[in-house]
Number of protein chains: 2
Amino acid sequence: MTIRPTIADVAREAGVSKGLVSFALNDRPGVAAETRDRILSVANALGWRPSVRARSLSTDRSFALGLVIARDPEIISSDPFFPAFIAGIEGALAPAGQALVVSMVSNEEAEVASYRQLAAHDRVDGVILTDLRRNDPRIALLEGLRLKAVTLGHPDVESSFPAVAVDDGPGIHSAVEHLAALGHRRIAHVAGPSSMLHGGRRSQSFIDALRALGLASDLVVETDFSAAGGAKTTAALLDLDEPPTAIVFANDLMAIAGLGVAQRRGLRVPDDLSITGFDGSDIGAYLYPSLTTVTTPVLEWGRASAELLLRSVIGDDDVHDIELPAAQLLVRMSTAPPRTIR
Amino acid sequence: MTIRPTIADVAREAGVSKGLVSFALNDRPGVAAETRDRILSVANALGWRPSVRARSLSTDRSFALGLVIARDPEIISSDPFFPAFIAGIEGALAPAGQALVVSMVSNEEAEVASYRQLAAHDRVDGVILTDLRRNDPRIALLEGLRLKAVTLGHPDVESSFPAVAVDDGPGIHSAVEHLAALGHRRIAHVAGPSSMLHGGRRSQSFIDALRALGLASDLVVETDFSAAGGAKTTAALLDLDEPPTAIVFANDLMAIAGLGVAQRRGLRVPDDLSITGFDGSDIGAYLYPSLTTVTTPVLEWGRASAELLLRSVIGDDDVHDIELPAAQLLVRMSTAPPRTIR
DNA sequence: GAGTGCCCCTAAACCGGTTAAGAAGCAGCC
DNA sequence: GGCTGCTTCTTAACCGGTTTAGGGGCACTC
């Protein structure tokens, strides 16, 4: 096993020019069928593989997509989203011979720097934009950097990028209706930061759902999606004179922390307090009680995003927004009728 | 903002040849100080940035490292290791202008294919090898593919790659001693697969620790590091005629599932059963009871691995194995004296 | 029989760097 | 004055592809 053959080797062996080999290998017209076959079989016999590097240089493409993950170091390990999401991306990228460049940073300055670096070094042809924020500056940034992108969810600003969205609403609605049907009247929501679009959207869905049922929606507390935040706000809610009998958490991590807080206080879940999460993370099934949650098709989300972005990079014309199946309620054991009306 | 300047632009502007510009920019000897300064200031004025693509093609380097993650889809979301590990890697890579290519696969064939693809496409200069297995075929594979690598831990086969290791032993020993000191005599271990080196090593440490204390070490059950596996084996242990009063789990995920199983049976943790995990994952602190566990310097591990691999890629001579601070016991609330001797 | 058009192919430039070979200029030395 | 050797710089090849311009051969047309 020596050095890898190049198209020059193939050309020599097949008795044609370099250029023609390139044409034949790329299935372009203007090559006689017989010649094309000969070139292909020679390439095959020599074990020729294209050099991504050379192709990158001449075609001005990277054949890779990027994912910048900005997360507080404290949250990063426990967040079930990204590993599954990356697995989904991989499902679309690997068969296409594309690679995924991942960058993980802990704050917004580093995030911006990371995008700039990806663009300056021509590492990727496009990026997947997660965790959209209100008035998200990254959209203009990426447009300025001339990177392609897809956004996870619909941004609240003008965007030239297609979106891949999962509607959180139905999941939250189902959770609230489920709790109301069980008899709960005082239902709280531990929300993610309203600066993040999905945080805000989940809150709004929660409020809408309560209103539709004619219930008060005053118990919405905003925090930061972290376990620490979930624990703190849960404690605050339980300290109220009239504490809620059920809490809808905006993600599983906060729900798990909230569960711990309740149990620590001697409350029984679900008898004294019902709890729902959001994410459908696997670990929730193994807790005691297992966590009623809202599942999101994360893997599918990753796959669809990567596919759409690839199409957009190629210059496919009909790239348009994609709506994935909505989030769905997954009832497990952390919800039950409130004790007061039992 | 037009097209990016190349060294040809710099050369023209500075009135020298392309080659000399390259020499000046790479700080190589043979350039007059005055000329060098002129070239550098012209480059600076034009806003010249090197093209990684062009450099890759001519220097036969990718300026990127790879990480192939092989995990069952079921485990992937809940595993706290990789996000933190990647964050650590990033800490070393970003300042060096290097990128991280991540590939996530679900089985061994796909894993091999992934390494082959990374090598065939020249995507990376080296890879970080995690989750070493017994007689790990990947080492020979990577040597054959002429990729550089570092291994996480010491392999049990001949390897030309440097290792970055964290000794699990002291953590497991501490956990066992902690439990023994509390009065436990029947201590079980829910182990990871013995086909994985760190799974086997933790078991062995467990057995050694018990022996050293003169206790029986017959309660070692092997499973797969998953929540489902942890739950199932915990159930089996608790079904024994003489069940253990404490269980040492080989990772946090299994410990959390085990905790759920015990509580589901009406056992109180830690009163009826003590539990320890392994990983030091953050979420464990918020459970009820909070999980006594063994912490590993994951972030540091990632950083050190990436740095070592970068040095190895450059051809630095004195790359040798690195031993990081050993894993440490973190006592929280899931361990207490057994009820029997209370 | 010249002109036109098409098909198949070659030659060569190009992408943006690195690097080997060699030339020019100059000082030092005998 | 010629030789040696050093520094500084240029030229040109090279990495491995893609792509444009154009040439030769052939059939068809009038």
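Predicted model, so just to flag it, every value in this text is computed and none were measured. Every chain is numbered from 1, with letters handed out A, B, ... down the list of sequences.
For the pair Leu46(A) CG and dG17(D) P, the computed distance is 12 Å after rounding to whole Å. To the nearest angstrom, P of dT18(D) lies 12 Å from CG of Asp27(A). Rounded to an integer number of Å, the gap from CZ of Arg49(A) to P of dG17(D) is 12 Å. Between the CD1 atom of Ile39(B) and the P atom of dT8(D) there is a distance of 12 Å, given to the nearest Å. Taking atom CD of Glu34(A) as the reference point, atom C1' of dC7(C) lies 14 Å away to the nearest angstrom. Whole-Å rounding puts the Asp60(A) CG to dT19(D) P distance at 11 Å.
Side-chain N/O atoms of Ser51(A) include none lying less than 4.0 angstrom from OP1 or OP2 on dG16(D). Contact check, Arg55(B) against dG16(C): no side-chain N or O comes under 4.0 Å of OP1 or OP2. Of the side-chain N and O atoms in Trp48(A), one or more sit less than 4.0 angstrom from OP1 or OP2 of dG17(D). In this structure, Arg28(B) does not reach the dT18(C) phosphate: none of its side-chain N or O atoms is under 4.0 Å from OP1 or OP2.
We find that Arg303(A) and Glu307(A) are joined by a salt bridge, their nearest charged nitrogen and carboxylate oxygen being less than 4.0 Å apart.
With sequence neighbours excluded, the residues forming a salt bridge (charged side-chain N to carboxylate O under 4.0 Å, His left out) with Arg12(B) are Asp9(B), listed by chain and number. Applying the side chain to side chain donor-acceptor pair (under 3.5 Å) test to Gln117(A) and every residue at least two apart in sequence or in another chain returns nothing.
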Using atom types as modelled, flag every donor-acceptor pair under 3.5 Å from a side chain in residues 30-39 of chain B to any protein atom, sequence neighbours excluded.
unit_1, atom_1, unit_2, atom_2, d
Arg36(B), NH1, Asp27(B), OD1, 3.4
Arg36(B), NH2, Arg28(B), O, 3.2
Arg38(B), NH1, Ala14(B), O, 2.3

Show the atom names and distances, to 0.1 Å, of all donor-acceptor pairs under 3.5 Å that link a side chain in residues 82-103 of chain A to residues at least two apart or in another chain.
unit_1, atom_1, unit_2, atom_2, d
Glu90(A), OE2, Ser103(B), OG, 3.0
Gln98(A), OE1, Ala64(A), N, 3.4
Ser103(A), OG, Ser114(A), OG, 2.6
Ser103(A), OG, Glu90(B), OE2, 3.0

Please report, to 0.1 Å, the donor-acceptor pairs under 3.5 Å made by any side chain of residues 17-25 of chain A, with sequence neighbours excluded.
unit_1, atom_1, unit_2, atom_2, d
Ser17(A), OG, Leu20(A), N, 3.4

Shorter than 3.5 Å, N or O on both sides, protein versus nucleotides 8-15 of chain C: list them out with atom names.
unit_1, atom_1, unit_2, atom_2, d
dC9(C), OP1, Thr35(A), OG1, 2.5
dC9(C), OP2, Ala32(A), N, 2.9
dC9(C), OP2, Thr35(A), OG1, 3.3
dT10(C), OP2, Ser17(A), N, 2.8
dT10(C), OP2, Ser17(A), OG, 3.1

